[in-house]
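Encoded as structure tokens, the structure appears first; notes follow it.
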Amino acid sequence: MLTALMVLDAIVAIVLIGAILGQEPKSGGLGGMDGGGDAVFSGKARGMDAFLARVTIIFGVLFAVITLIIAKLTA
């Protein structure tokens with residue numbers, strides 16, 4: 001069972017990485033910190049960005065729960 005959870009955790013991690021990398025950048029990075037970029041407050045995400053944001057949250061929580069279960073089983 002522990003091996004199956006570890007494999008599932010690895011698959012969830014790969015999907016989570018893909019979901020994060022697939023999102024559009026929200027700002028100009030550190031260059032937007034001086035107030036020059038209005039992209040940070042441009043509005044809510046739509047379409048694929050909204051879907052990837054939901055996938056990121058779901059798989060992030062799933063990754064955390066599976067990792068905690070693995071830690072509990074190995075302790």
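Each residue takes its place number in the sequence, starting with 1.
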Which residues share a side chain to side chain contact (heavy atoms under 4.5 Å, CB included) with L2, sequence neighbours left out: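 Only M6, I70, L73, T74 meet the side chain to side chain contact (heavy atoms under 4.5 Å, CB included) criterion with L2.
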
What residues form a side chain to side chain contact (heavy atoms under 4.5 Å, CB included) with V61, not counting sequence neighbours?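 By the side chain to side chain contact (heavy atoms under 4.5 Å, CB included) rule, V61 matches V65.
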
Donor-acceptor pairs under 3.5 Å, side chain of residues 8-23 to any protein atom, not counting sequence neighbours: which ones?
{"unit_1": "D9", "atom_1": "OD1", "unit_2": "T67", "atom_2": "OG1", "d": "3.4"}
{"unit_1": "D9", "atom_1": "OD2", "unit_2": "T67", "atom_2": "OG1", "d": "3.2"}
{"unit_1": "Q23", "atom_1": "NE2", "unit_2": "L52", "atom_2": "O", "d": "3.3"}
{"unit_1": "Q23", "atom_1": "NE2", "unit_2": "T56", "atom_2": "OG1", "d": "2.8"}

I57: hydrophobic cluster co-members (side-chain, 4.5 Å):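 Once heavy-atom contacts under 4.5 Å are chained together, I57 still belongs with nothing else.
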
In terms of hydrophobic clusters joined by side-chain contacts under 4.5 Å, are L68 and I58 together?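 No, separate clusters.
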
